[in-house]
Structures are given as C-alpha cells and as structure tokens.
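Everything below concerns the one structure shown next.
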There are 2 protein chains.
Amino acid sequence: MTSTVAKSKKKIIMEAAARLFRDKGYSASSMRDLAKAVNLKASSLYNHIQSKEALLQEICFNNAHRFLQGMNEVEKMEASHLEKIKALIRLHIEIAATDITSITAFNDEWRHLKDPHLTRFLRLRKSYEQRFLVLIKIGIEKGEIKDMDPQLILFTLFSSVRWLYDWHRKDRETELSSLEKQITELLLGGIKA
Amino acid sequence: MTSTVAKSKKKIIMEAAARLFRDKGYSASSMRDLAKAVNLKASSLYNHIQSKEALLQEICFNNAHRFLQGMNEVEKMEASHLEKIKALIRLHIEIAATDITSITAFNDEWRHLKDPHLTRFLRLRKSYEQRFLVLIKIGIEKGEIKDMDPQLILFTLFSSVRWLYDWHRKDRETELSSLEKQITELLLGGIKA
DNA sequence: CCTACCGATCGGTAGG
DNA sequence: CCTACCGATCGGTAGG
C-alpha cells in the first residue's frame, strides 16, 4: 500500500513537471512551482524524485524509447517503403496526440540535460534519424519517393508535425483520424513520385 | 563618435544575446554569461541596454515586423494566390537563412515576454496568421489549392521551415536557392490542386 | 566602464 | 511530510 501510494504520487509529480516544462520551459520552472502544483513543500519532492534534472531525463528517455520502439515495429512491417514512412508519420502524430505535454518537453527541453545524459540522448536521437533516413533513401531508389535530398525530407517530416501540441490545446474536437489523414495527404502529395 | 561607438556596442550585445538565447534559452542565459561574451562586467551592460527583457523584446518585435513587412509586400503582388503563398514560403526561408540566431530566439523564446509586451506580441502574431489564412482560403475557393483545413495547411507550412536553423549550422554549403526550391517543391506538391 | 553590493530566488540537504 | 536553512546565483543599482 505504501508502495502504491508512493508510485502514484511520483506519477503525479512527473506529469506536473512535464506540464510545467512545456509551459514555462525547464529553466524557468522552479521546484517550488512544481511543489505548489502537487500540494507539497519543495523539500518534500525529494522523497519521490532524485533531482530536477532526473525529471527531465525521465521525460526525454521515455519518449526517445517510444519513438525507437515504433521504429522497430515499422522496420519489421511487410510493406513498401512509402507505407513504412506513412506509418512513421502516423507514429509521430499519435505520440504527439496522446501525450502532448510530455512530447513537447521532449522536443524542446532536452538541451538542458547535463553531459553524460545529453550525449546518451543525442546518440538515441541520431540513431532514430539514421534509421528513418535509410527508409527514405531506399524509397527513393525504388522510385516510390521523389528524388530530393533525403535529409531535407526527413527534417521537413519531423517538423511538420511539431505544431500539433499548439493545435490540440485550442481545438480538442478535431478527430485524430482526420488529423492523421490530412497531414499525411499534405505531406505525401509532396513526396510521392 | 561617442554615439557611433555606443551604437555598435549595442549591436554587438544584441547579437550575442540572440546567440545565447538560441543556444541556452532565455531563462538559462544569465547577464553574466552575456557580459562575458562581449568582454564586459555584467553591470556595464546596463549602460547600453535597459534590461534583460528589453533584449528579448527587441529580438521578438524586430522579427515580427520583418514578417509583417513581408506580408505587406506579398499582399500587394499581382499574382495568383498560389504564387503569393509560394512567396511567403520563400520569405520564411529567407528570414531563417539570413538571420538564423535571431529567428530561433524569436520562434522559441517569446513566451518569456512579460505581459504588456506579451499581449502586444501575440496580437502581431495573430494578425500575421490571419492574413496568411485569408490567402490560403481564397486559394482554396479559386481551386488553386486542395480543399483541406486551412489552419492545418498554415501550421504545417510554418513548422516545415523551422528545422532550418539546425540544418544551417551543420551544412553551410547547401545553397539557399536550392533549399528554397526543394522545400517549396515538397510543400507545394502536397497542396497544389 | 568598474567595484561593491542588494534582496530575491534557486536546487537541494539536515534533521526530525 | 515539514521547518529551517545552506551556498550559489540571479537581475539590477549605487557611486564613482
């Protein structure tokens, strides 16, 4: 019982931290802000967490692993490379839509990680990008995708989806499936051969 | 002479501030960091600038006005609405390419403005978005652009170009004209009817 | 342009 | 889980 209470309290703190980091940024968010958000004194937070940076680490690495997990599944698919890229666009949209606060912190605040973890994080990120790039390159070779700079395609796909966190806050009505369909259509119309 | 020296020193400070805000974020950048970057003591900065927030204000409003100025010119063009939207994409790329540090601070750090200025800034931004939106809507009515959610098109165009600041740092060789051509092709292939 | 310094706030610890 | 408190650092001012 003590353990389940402690566990859920940590989750409450994690979620409040993600929201705070998203809204004010990591540096401008104080542990006193966070404590207030979960009805504790600042010092009491440290019964549940190690440090401010540990909160950021958990957010960053949790999300990095979600993307890499998605990549694992996509690579195993029996499908054309265009289909695989569509599946990755869907992955980005779905992650952004289901955990909007966490993913925003992940996108924008990772640079505040300190160096053993920063390097580790950038390695994961680089690996994801490389694997994505391979799919694009093969897609181009097979004539499924227009012959453009693969890096340019990659970064455009990535960032095309990053405004979603803004959107979702003001318009919770738009259905996810409609969002997915329209964004995919917009992007694929552009890169499909 | 005193005046020209003071003026150029202020510009040096402004540029160092933009770089700092881009690299570490506004909140994590201290006035002591900034002073070190321009070979002064922190207190001496205040002979050239009013406050830390005033630096951010200048970055944010300067860039906001560049975008609005560009919009003025585009609206006056004698061209189809598709051409106008192409011109705006070019505008975004050119601003991003010619003043990469300032535009990044503008994109990401405006939320740290305090309230009289924050509201003013958001009003400018909203106005730019509305005018862009009108061009998209008319383009759709005229059958020049696919019939998709105009907001979705707007935000996708905006963010598609935001990764440029990363790109330019690692690959200063890619020519601007080639970048423009490829991004426009990628985006327009998707929205052109 | 500097030295000296201000009050406020930071992340975090001690001790219970 | 709290009170009390730490040293460090913050943006900025006084005074020269």
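First the proteins, then the strands, lettered A, B, ... as listed; each starts at 1.
- Placement of A:Ile138 and A:Leu187 in two distinct hydrophobic clusters is found when ILVMFWY residues are connected by side-chain heavy-atom separations under 4.5 Å, directly or transitively.
- For the OP1/OP2 pair of D:dG11 and a distance below 4.0 Å, the side-chain nitrogens and oxygens of B:Lys52 include at least one atom meeting the criterion.
- One atom, CE of A:Met31, and another, P of C:dC10, lie 11 Å apart when rounded to the nearest Å.
- As the counterpart of C:dG11, D:dC6 is assigned, both hydrogen-bonding distances of the Watson-Crick or G-U wobble pattern falling under 3.5 Å.
- Of the options B:Lys9, B:Met14, B:Lys11, a side-chain contact (heavy atoms from CB on, under 4.5 Å) to B:His48 is made by B:Lys9 and by none of the others.
- B:Lys142 places no side-chain N or O within donor-acceptor distance of the main-chain N or O of B:Ser80, the cut-off being under 3.5 Å.
- If you check every strand for non-hydrogen atoms under 4.0 Å, B:Ser27 touches nothing.
- Nucleotide C:dG11 holds its P atom 9 Å from the CG atom of A:Leu34, rounded to whole Å.
- The base of C:dT9 is not paired with the side chain of A:Ser30 by any donor and acceptor separated by under 3.5 Å.
- Residue contacts for A:Leu40: at a heavy-atom cut-off of 4.0 Å it reaches the sugar-phosphate backbone alone, with no base atom in range.
- For B:Tyr46 and C:dC5, the OH to C1' distance is 14 Å, given to the nearest whole Å.
- When the side-chain nitrogen and oxygen atoms of A:Ser43 are compared with OP1 and OP2 of C:dG12, none of them lie within a distance under 4.0 Å.
- In this structure a side-chain-to-backbone donor-acceptor pair under 3.5 Å is present from A:Glu53 to A:Lys114.
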